[in-house]
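Data block below; observations after.
We number each residue from 1, following the sequence as shown. For the numbers below, each heavy atom of this structure counts, side chains included, while hydrogens, waters and symmetry mates do not.
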Amino acid sequence: MSRRWTKSARSLTWGAAVFGVFLLAANFTAAQTPSPALLVLEKSDNSLAIVDPASLQIVARVAAGPDPHEIVASADGKLAYISNYGGSDSTLNTISVIDLAARKALTPINLGALRSAHGLAFAGGKLYFTAETNKVVGCYDPATQSVDWVLGTGQDRTHMVAVSESLDRIVTSNVSSGTISIIERDFPPTRGFGPPPSSNGPQGSARPAGGPPSGGPPPGMGPPPSGPRKTWRVTNVPAGHGVEGFDVSPDGKEIWAANAQDATVTIIDATSKRVAQTLPIPLRGANRLKFTPDGKWVLISGLGAGAGSNLVVLDAATRKEVKQFNLGGGGGAAGILIVPDGSRAYVAVSGNDKVAVVDLKSLEVTGYVSTGKQPDGLAWVQ
């Protein structure tokens, strides 16, 4: 009897232990950030929602700091960076940092005198951002935890930013100036220091002992730098009133910019840096614009759509309208994210607290993600 009871107890104990292991494993699995994951900023809730694209369910929320507007993920998918905007004359000077695996906010980046961070891009292992109040583009190096480069545009409300993979071209939109800034790396010729004069110079004179050679650097300044000096050239191209959302075509040849107050799109030739064409669009308050990865279509969202369409698709080659969408929400639509394989787009329907999923093959809405208040900035993590 005693031995039977002992054996049964052991069986129960073993079973409970196994159940506990499975339960722990299930909880651990549930706690993981999905891969891939859709990141959604809920502006009015000051939060970041992490969404499983397969189920369209929010699996976690993390505090995003004050007035979050734009979001970008690091190349390795470990961190998300969120601009804390506050308006063009804001005193906010931070970019929030989120550990996506731990699902927690880290110490935010303090930008010091740079205020109203908005547009974000991650390239070359560094974080590029705009600071509207200061009318600049800046670069933050996560390795040194410091801002290592700042460049002024001289334009009002420098808002969104895109950086080329080669890191030699940066594009920004300047909302109040109605311009697109094309910032390119420039390599002006260096000023030669010249060789030292010969000891058989005029009248057989030689340079004084201890003095610098003629044309050389002053004492204490060392040798001239090797190679050309790196600098930047800024070209401000007129666009339209309230220009904000823009994108560079995948082949790098064109820049398309949406003009919120004009219901138009400005197409800029990236080589000549001149306006090639201005298109009317059936969309008020055009807010964001994105190319599909193959360069075939251009998606444009609008915040001032009211009861009408708040997303339009254009054919990039013919410049013709392909389709309009009414995604609902009196406040229109904002952020657009197209997945890397170009199969679908996510569009933040800010006025209706949801994100629409658009199949880019059928051009049909296939689902929605219910979110917190006023979804806007979107990012994708592999």
Side-chain angles (χ1 to χ4, degrees), residues 70 72-73 75 119-126 128 130 137 139 151 153 158-174 179-187 232-240 243-259 264-281 283 286-301 311-323 335-347 358-361 363 378-380 382:
E70 296 299 315
V72 68
L120 299 173
F122 198 88
K126 295 186 178 184
Y128 291 79
T130 62
V137 180
C139 179
L151 184 93
T153 63
T158 301
H159 197 67
M160 303 297 288
V161 64
V163 182
S164 67
E165 290 184 1
S166 58
L167 308 180
D168 59 0
R169 184 175 67 184
I170 300 169
V171 181
T172 74
S173 58
N174 309 290
T179 58
I180 293 291
S181 292
I182 303 175
I183 305 167
E184 297 172 298
R185 191 180 291 278
D186 195 13
F187 297 93
W232 295 87
R233 178 175 63 252
V234 181
T235 304
N236 295 315
V237 183
V243 61
E244 186 172 342
F246 75 90
D247 201 4
V248 181
S249 62
D251 61 11
K253 294 181 178 180
E254 294 180 335
I255 302 166
W256 287 45
N259 306 309
T264 61
V265 169
T266 298
I267 302 175
I268 298 170
D269 182 285
T271 301
S272 67
K273 303 175 194 65
R274 295 179 180 276
V275 175
Q277 192 174 356
T278 300
L279 303 176
I281 54 174
L283 199 64
N287 180 58
R288 295 291 180 265
L289 181 151
K290 293 291 180 183
F291 275 91
T292 54
D294 59 6
K296 181 180 179 181
W297 287 335
V298 176
L299 279 64
I300 310 168
S301 61
L311 178 69
V312 64
V313 179
L314 302 181
D315 185 302
T318 65
R319 318 309 207 208
K320 302 296 184 181
E321 178 187 319
V322 176
K323 188 169 183 177
I336 301 173
L337 182 139
I338 301 175
V339 298
D341 66 5
S343 62
R344 62 192 181 280
Y346 295 91
V347 183
V358 180
D359 185 302
L360 292 178
K361 293 181 180 180
L363 287 183
L378 306 172
W380 186 255
Q382 292 283 16

query = Quick check: are there more than 12 heavy atoms from other residues, nucleotides or ligands sitting under 6.0 Å from CZ of R319?
reply = yes

query = Do other residues, nucleotides or ligands put more than 12 heavy atoms under 6.0 Å from the NZ atom of K273?
reply = yes

Any side-chain heavy atom of [X] sitting closer than 4.5 Å to one from [Y]?
| X | Y | result |
| --- | --- | --- |
| W297 | L363 | yes |
| Y128 | L167 | yes |
| V234 | L151 | yes |
| V171 | I255 | yes |
| N174 | T153 | yes |
| I300 | L314 | yes |
| E254 | I268 | no |
| K290 | S301 | no |

So, [X] side chain and [Y] main chain: donor-acceptor pair closer than 3.5 Å or not?
| X | Y | value |
| --- | --- | --- |
| T172 | V161 | no |
| D247 | F291 | yes |
| T130 | V137 | no |

Which heavy atom in [X] sits nearest to a heavy atom in [Y], and how many Å separate them?
| X | Y | result |
| --- | --- | --- |
| G252 | A270 | O-CB, 3.4 Å |
| N259 | A239 | OD1-CB, 3.8 Å |
| A286 | A258 | CB-CB, 3.7 Å |
| V298 | A316 | CG2-CB, 4.1 Å |
| P293 | I338 | CD-CG2, 3.7 Å |

message = Could you walk me through whether L360 and L299 satisfy the side chain to side chain contact (heavy atoms under 4.5 Å, CB included) test, starting with their C-alpha distance in whole Å, then the side-chain angles of each, then the deciding distance to 0.1 Å, before giving a yes or no?
response = CA-CA 10 Å; L360 292 178; L299 279 64; 4.1 Å; yes

Between [atom1] of [X] and [atom2] of [Y], what distance do you get to the nearest 0.5 Å?
| X | Y | atom1 | atom2 | answer |
| --- | --- | --- | --- | --- |
| L120 | M160 | CG | CE | 8.0 Å |
| L283 | E321 | CG | CD | 9.5 Å |
| I170 | R185 | CD1 | CZ | 8.0 Å |
| L337 | R344 | CG | CZ | 9.5 Å |
| D251 | D294 | CG | CG | 11.5 Å |

Between D359 and S343, a side-chain donor and acceptor under 3.5 Å = no

message = Under a 3.5 Å cutoff, is there a donor and acceptor pairing between the side chains of S181 and N236?
response = yes

task = Would you please indicate if the ring centroids of W256 and F246 are separated by under 6.0 Å?
result = no

request  = Report the C-alpha separation of V248 and R169 in whole Å, then their side-chain angles, then the decisive distance to 0.1 Å, and conclude whether the side chain to side chain contact (heavy atoms under 4.5 Å, CB included) test is met.
outcome  = CA-CA 11 Å; V248 181; R169 184 175 67 184; 3.5 Å; yes

message = Between V243 and T179, is the side chain to side chain contact (heavy atoms under 4.5 Å, CB included) condition met? List the steps.
response = CA-CA 7 Å; V243 61; T179 58; 5.8 Å; no

key: Note: R233-D186 ion pair, threshold 4.0 Å (strictly below)   = yes

task = Take V358 and Y346 through the test side chain to side chain contact (heavy atoms under 4.5 Å, CB included) and record every step on the way to the result.
result = CA-CA 6 Å; V358 180; Y346 295 91; over 6 Å; no

